[in-house]
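Please read these numbers as outputs of a predicted model, since none were measured by experiment. A note on names: the letters A, B, ... follow the listed sequences, proteins ahead of strands, and every chain is numbered from 1.
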2 protein chains.
Amino acid sequence: MARDKDFIPEEKIAKALDVFWQKGYNATSMQDLVDAMQINRSSLYNSFGDKHNLFLECLRTYGYLAAQDFESVLKLKDLSPLEMLEKIIDVYVEGTVYDCKCCMGIKSSFELAGDDEEVRRIIKQASDRTIGLFTDLLRRAKEQGEIAEDKNPAVLAHIIFNGFCGWKQSYIQFKDASLIEEMATYTKKHLRN
Amino acid sequence: MARDKDFIPEEKIAKALDVFWQKGYNATSMQDLVDAMQINRSSLYNSFGDKHNLFLECLRTYGYLAAQDFESVLKLKDLSPLEMLEKIIDVYVEGTVYDCKCCMGIKSSFELAGDDEEVRRIIKQASDRTIGLFTDLLRRAKEQGEIAEDKNPAVLAHIIFNGFCGWKQSYIQFKDASLIEEMATYTKKHLRN
DNA sequence: TTTATTTTGGAATGATCGTTTCAGAATGTA
DNA sequence: TACATTCTGAAACGATCATTCCAAAATAAA
């Protein structure tokens, strides 16, 4: 009974996501968002609620995309479970070194997850999904004898996932790509023995 | 020729550090600092410059204290190099689980170090000092045959140090102390073989 | 075409931001 | 005691913050 929006919400969320991703929550102003999304202030509030709500929406989108990114490796045929996991690690290293934008989940976790329960919940959900994927691959690797019998897939999955966090931080600080690669190589080597 | 300050600067820096540590840079207002430091606005600006400068001072203090904290383990006698490193890991795990306040270096790194060169420099300096300590311990452990000949002390030191980052993040998200302990155990086990 | 409903643009809100100003109190030195 | 200098307290600064409001433009359905 009334006119439609002049924009596609998903596209605007993607624009906002870019800004939040780069600057973080607190350092991003509504003016930044209005500029980046190329949308009127009223439309922004009308469609997405306030800043906090918009951020949550962006974080959900990010979590969804990031998890999908990890899972895309599963589609590669002719790879054993362990090889898939190694491929995932390689892809992540590439992303860490190539794109200076740090993982938004990690960044938001340190900035907000301590105080903001909803933020924590969203990040945890995305983490759970990815750690679950890793655990599954490791369990299958164990069944096929690719990794030792005494390894605990769940703990190992957490360690790999958490290693990612450190690699990002290391790269921010040292800007040393080969160091990240060496750490990844070390991690992969210790999966096998 | 004129009156002295009514306060001890180091004490006020410590108060400010607490606030920045907990809330992060952007989420901390000058009003928060005035309240916490129990100091007049003018005195604050007069003694410490602006917000950014005060933050840098706090970060330097933090880095100094954190590095000292790691080094305090060196004073323990009757410990081999590898045992010292294991002790350091244990102490860090305890700190991670006991004190919900995340490492300020890591937090600031993700919030600011990407854009703020001075912040990056300060954090890097503290990291270098601690990673240097770890490297040294690992080198001595290698000399004494505590760790395998094919290990690279420098890379291993980075891996341990970076693992810390992930543990913090994991604890923020999962609040699972035993998970952190298991990850630490795994790390220590893989130092030896 | 009319009507009901929504979007849109832009101005305006009060709150809070980091910072400055300034008069007066305080105090070390001469 | 007198002077020079610094610190202190409180108010005030302009800028920016997130958010709201309202009238006008737009348009889907009746």
Side-chain angles (χ1 to χ4, degrees), chain A residues 1-60 107-108 111-112 115-119, chain B residues 1-60 104 107-108 111-112 115-119 122:
Chain A
M1 252 192 178
R3 70 185 279 204
D4 290 339
K5 288 184 206 306
D6 258 12
F7 55 88
I8 301 162
E10 287 75 16
E11 282 179 4
K12 297 303 178 185
I13 288 284
K15 300 261 190 196
L17 172 56
D18 270 341
V19 182
F20 278 131
W21 193 347
Q22 200 219 312
K23 312 186 73 165
Y25 179 76
N26 283 300
T28 298
S29 71
M30 289 306 284
Q31 190 58 53
D32 292 333
L33 293 165
V34 167
D35 293 344
M37 297 167 82
Q38 296 192 90
I39 192 184
N40 191 269
R41 239 182 191 64
S42 305
S43 307
L44 203 168
Y45 277 91
N46 196 25
S47 294
F48 305 108
D50 63 12
K51 184 188 179 186
H52 187 254
N53 198 73
L54 174 61
F55 178 77
L56 294 182
E57 210 65 59
C58 291
L59 195 58
R60 272 187 277 263
K107 199 166 170 169
S108 306
E111 186 182 6
L112 304 167
D115 300 316
D116 191 320
E117 195 52 39
E118 184 65 9
V119 167
Chain B
M1 255 188 180
R3 68 184 282 202
D4 291 340
K5 289 185 207 301
D6 258 13
F7 54 87
I8 301 161
E10 288 75 16
E11 282 179 4
K12 297 302 178 185
I13 288 285
K15 299 262 189 195
L17 172 56
D18 270 342
V19 182
F20 278 131
W21 194 346
Q22 199 217 313
K23 311 185 74 163
Y25 179 75
N26 283 301
T28 299
S29 70
M30 290 304 285
Q31 191 57 54
D32 292 333
L33 294 166
V34 167
D35 293 344
M37 297 167 81
Q38 296 193 89
I39 192 185
N40 191 269
R41 237 185 193 63
S42 305
S43 308
L44 202 168
Y45 277 91
N46 197 24
S47 294
F48 306 107
D50 61 13
K51 182 188 179 186
H52 187 255
N53 199 73
L54 174 60
F55 178 78
L56 294 182
E57 210 64 59
C58 291
L59 196 57
R60 272 187 277 265
M104 188 182 178
K107 199 167 170 168
S108 305
E111 186 181 6
L112 304 167
D115 300 317
D116 191 321
E117 195 52 39
E118 184 65 9
V119 167
I122 294 170

Validation: residues 7-17 of chain B side-chain donor-acceptor distances under 3.5 Å, sequence neighbours left out:
residue, atom, partner, partner atom, Å
B:Lys12, NZ, B:Met37, O, 2.6
B:Lys12, NZ, B:Gln38, O, 3.3

Problem - Whole-Å distance separating the NZ atom of A:Lys5 from the C1' atom of C:dT8 - result: 11 Å
Handout entry: Gap between atoms CE and P, on A:Met37 and C:dG9 respectively (whole Å)
Key = 14 Å
Practice task
Establish, for the pair A:Lys51 and A:Tyr25, whether the NZ or CZ atom is under 6.0 angstrom from the six-membered ring centre and no further than 45 degrees off its axis.
Solution key: yes
Exercise for the section: Whole angstrom is fine here: how far is it from CZ in B:Phe48 over to P in D:dT8? Expected result: 10 Å
Exercise for the section: Verify the distance criterion only: is there a donor paired with an acceptor across the side chains of B:Asn46 and B:Ser43 at less than 3.5 Å? Expected result: no
Practice task
For the residue pair B:Asp18 and B:Gln22, confirm or rule out a side-chain donor-acceptor distance under 3.5 Å.
Solution key: no
Problem - Euclidean distance, atom CD1 of residue A:Ile8 to atom P of C:dT7 [Å, nearest integer] - result: 15 Å
Exercise for the section: Could you tell me which non-hydrogen atom of A:Ser47 sits nearest to which non-hydrogen atom of A:Lys5, and how far apart they are? Expected result: OG-NZ, 3.1 Å
Handout entry: Whole angstrom value for the distance that separates C1' of D:dC22 from CG of A:Asn40
Key = 13 Å
Exercise for the section: Could you tell me the separation between the CZ atom of B:Phe55 and the P atom of C:dT19, rounded to a whole number of Å? Expected result: 14 Å
Handout entry: Euclidean distance, atom CG of residue B:Leu44 to atom P of C:dT20 [Å, nearest integer]
Key = 12 Å
Problem - Heavy-atom protein contacts under 4.0 Å, nucleotides 11-21 of chain D, coded B base, S sugar-phosphate only, - none - result: B-----SSBBB
Problem - Gap between atoms CG and P, on A:Asn46 and C:dT8 respectively (whole Å) - result: 8 Å
Handout entry: Salt-bridge criterion met for B:Lys23 and B:Glu111 (N-O under 4.0 Å)
Key = no
